[in-house]
Amino acid sequence: MTTLFQSVPLPAITPETVLGLIGGTQAISFTTLTFLGFFAVAAILNYALPRIARPYFLLAASYLFFCWDPSDRALVPVLLGATLVTWVCGLIIGRSRNRVVRVLFLVVSILTGIGLLFYYKYWNLLADSLGGVLSHRSELFTPLGLGYFTLAALSYTIDVYKRRCRVEYNLLHYALFVSFFPTMITGPIERYPHLRPQMEKSRRFSYNRCAGGAFRMLWGYTKKMVLADNLNLYIKTVYDSVSTMSGPNLVAATLLFSVRLYLDFSGCCDIAIGAARILGYDLLENFRSPFEAVNFSDFWSRWHISLTSWLRDYLYFPLGGSRCNVVRHMLNLVIVFAVSGLWHGADWRYLQWGLACGIISVIAQLTAAPRKALARVNPLYREPAVQKFIQRCITFLLFSFTLIFFAGALYNAQPFEVMGGMLSGWDGGLSAAWQSVTALIRDSGIDGRLPVVLICGCGIVFAAEHNGNNVARWIRRQNFVLRWTLYYAACAAILFFAAFGQSAFIYQQF
């Protein structure tokens, strides 16, 4: 145990680390100095311009952001095409009173979005699965933010068709909605009625707004670079060598992957929301303390909210939702989760993850009544705090189990091999299992003071975000001493403990 907490040397500065920080010629990641420089210039120029010109400047900045990676420059027509087609379709749908015309152009819009997703994300998967049936295999890169801007654009045309949104006649305003650069890496997936009034009347500069946005970005950087990336050192070690790993390490890595995924994804969303706030825009919140959910349904109302609400409004409800017979209702749930799995990437393991979530949701729905009856007579549930704790633990374990498929796709591991391996290596009892886990944690590079930083850091994050707190507002309510202590602690943690060079966000690839 003592060797786990020995002093840790400062991180070595290597050429790879420097290139990772700068960003090189690749797409601008939020964790590179290139992005911080780009964003600082964009923010200063944004407020230097007249308010009426700011949306057009941000549109130009967003396309520059998209084109930073040379491989994305050739794909600008994809972004332009999706923008123009959905804007024209929305224009015709909104102005026409002929139902056939409205339906026709709605279908054109939907097929355009689905076609782009299919070709750039799933064509190779289908070609590989069918072997020689499909001879053509695409070698194109997936455009940056494809999964996000296509869903945002589709939501606009569907909302116009449903009369939930007014037609946008200003093409450039609509183009900014589709391509707004803070949302291009990992969302959130915006809705036009939410962003439209903010584009039509740009906000004046506000110190409090910018200070809140800056802290939200700092909070996101800490979650991503200090906590998530360092946890990944151990998780990757385990999942890269599943066949040689003991059950305790596979279980520990799977549970920690749930935490790592949340810190990575929500950290990027914090950066995006904070950056947009500095620029004068409020984005949708994407997380609301998901690990405080007391059941699986509650969990999905707190996790990746912009995607789950999109699937609810534009897929689940049109399929009939829960307003149908039981069999159809359960099928609707499975379909929605399967689509969610496919949206995440061109790998059958993402589909398996989605189906696993759907099956658990179906079981949860079918057993809701008997579980409530049992809860009333369960002696452990007599104390509400104990009941919540048990329910939260069960929900976390169920979600972690489904993520075996997700992690399998991410680390190229076989999910069922992981599940089988979890059953071995317990012969020595819990003491031997603990020693096995801590030994591998040290070997993976998590040693010295880093375990203390990870434990305390995760504790602070979950405490500050308790009950879905907006952390930027939470920090402003604290006294001066605590507030500035956290500011300096976050900066110091990034300086001394950040895992530099691991700049890619998990959800950036989707």
Side-chain angles (χ1 to χ4, degrees), residues 30-31 39 43 182-183 186-188 190 194 198 203 205-231 258-294 298-299 301-306 308-309 385 388-389 392 395-396 452-495 497-498 505:
F30 283 167
T31 55
F39 176 72
T183 67
T186 60
E190 274 295 329
H194 181 246
Q198 301 182 67
R203 291 183 172 93
F205 174 82
S206 165
Y207 171 78
N208 288 335
R209 162 176 281 275
C210 290
F215 178 74
R216 189 73 182 266
M217 293 180 71
L218 178 62
W219 188 256
Y221 281 120
T222 306
K223 288 163 70 175
K224 160 64 178 171
M225 299 179 71
V226 177
L227 302 178
D229 283 354
N230 279 307
L231 286 174
S258 300
V259 178
R260 185 245 167 160
L261 183 63
Y262 169 73
L263 293 170
D264 186 285
F265 189 16
S266 67
C268 186
C269 289
D270 287 332
I271 297 170
I273 291 170
R277 188 166 178 80
I278 291 174
L279 294 172
Y281 292 83
D282 291 326
L283 300 181
L284 297 170
E285 292 291 339
N286 224 9
F287 292 90
R288 187 170 54 85
S289 303
F291 295 144
E292 294 180 10
V294 295
D298 184 24
F299 179 87
S301 69
R302 298 166 175 264
W303 179 278
H304 203 172
I305 298 170
S306 64
T308 53
S309 62
K388 275 189 175 181
F389 176 76
R392 287 171 178 173
T395 303
F396 176 76
V452 178
V453 173
L454 292 177
I455 293 170
C456 293
C458 290
I460 292 171
V461 165
F462 291 126
E465 296 179 349
H466 176 59
N467 282 335
N469 281 336
N470 182 315
V471 72
R473 295 196 190 108
W474 175 82
I475 194 67
R476 299 293 293 177
R477 292 197 300 267
Q478 308 309 310
N479 62 61
F480 176 86
V481 175
L482 176 60
R483 187 165 68 246
W484 281 93
T485 299
L486 280 176
Y487 292 161
Y488 284 117
C491 292
I494 293 173
L495 179 62
F497 297 103
F505 289 87

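Positions are given from 1 along the sequence. Values below: all heavy atoms of this structure, side chains included; hydrogens, waters and symmetry mates excluded.
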Taking it one step at a time, do L263 and C458 satisfy side-chain contact (heavy atoms from CB on, under 4.5 Å)?
-> CA-CA 9 Å; L263 293 170; C458 290; 4.0 Å; yes
N467 (side chain) donor-acceptor with N469 (main chain) under 3.5 angstrom = no
Under 3.5 Å, is there a donor-acceptor pair between the side chain of N230 and the main chain of L454?
-> no
Non-hydrogen side-chain atoms of [X] and [Y] separated by less than 4.5 Å:
| X | Y | result |
| --- | --- | --- |
| F299 | T308 | no |
| L486 | Q478 | no |
| E285 | P188 | no |

If I compare all heavy atoms of [X] with all of [Y], which pair ends up nearest, and what's the gap?
| X | Y | value |
| --- | --- | --- |
| A293 | D298 | CA-OD2, 3.2 Å |
| A214 | I278 | N-CD1, 3.7 Å |
| G468 | S289 | N-OG, 2.7 Å |
| S258 | F291 | O-CZ, 3.5 Å |
| L283 | A272 | CD1-O, 3.8 Å |
| R483 | I475 | CD-O, 3.2 Å |

Sequence neighbours excluded, every pair satisfying side chain to side chain donor-acceptor pair (under 3.5 Å) that has a member inside residues 267-280 = R216-D270, K223-D270, R277-D282
Check the surroundings of atom OH in Y487: do more than 12 heavy atoms from other residues, nucleotides or ligands lie under 6.0 Å from it?
-> yes
Heavy atoms of other groups near R476 CZ, more than 12 under 6.0 Å | yes
Taking the inter-plane angle between the rings of W484 and Y488 on a 0 to 90° scale, is it parallel (under 30°), tilted (30 to 60°) or perpendicular (over 60°)?
-> tilted
Y262 vs F462 aromatic rings, parallel, tilted or perpendicular, using cut-offs 30° and 60°?
-> parallel
Could you tell me the separation between the [atom1] atom of [X] and the [atom2] atom of [Y], rounded to the nearest 0.5 Å?
| X | Y | atom1 | atom2 | value |
| --- | --- | --- | --- | --- |
| I273 | F287 | CD1 | CZ | 9.5 Å |
| I460 | I455 | CD1 | CD1 | 12.0 Å |
| R392 | F396 | CZ | CZ | 13.5 Å |
| D264 | K224 | CG | NZ | 4.0 Å |
| E292 | T395 | CD | OG1 | 12.0 Å |
| I494 | T222 | CD1 | OG1 | 4.0 Å |

Using the side-chain contact (heavy atoms from CB on, under 4.5 Å) rule, take T186 and F265 through it: C-alpha gap first, then chi angles, then the decisive distance, then the call.
-> CA-CA 8 Å; T186 60; F265 189 16; 3.8 Å; yes
Do you see a donor-acceptor pair shorter than 3.5 Å between the side chains of Y281 and E190?
-> no
side-chain contact (heavy atoms from CB on, under 4.5 Å) between R288 and S301, worked out | CA-CA 8 Å; R288 187 170 54 85; S301 69; 3.8 Å; yes
Show the numbers, then the answer: is there a side-chain contact (heavy atoms from CB on, under 4.5 Å) between I305 and L284?
-> CA-CA 9 Å; I305 298 170; L284 297 170; over 6 Å; no
Determine, step by step, whether F30 and F39 satisfy the ring-ring contact (aromatic ring centres under 6.0 Å, His included) criterion, reporting the C-alpha distance in whole Å, the side-chain angles of both residues, the deciding distance to 0.1 Å, and the verdict.
-> CA-CA 9 Å; F30 283 167; F39 176 72; 8.9 Å; no
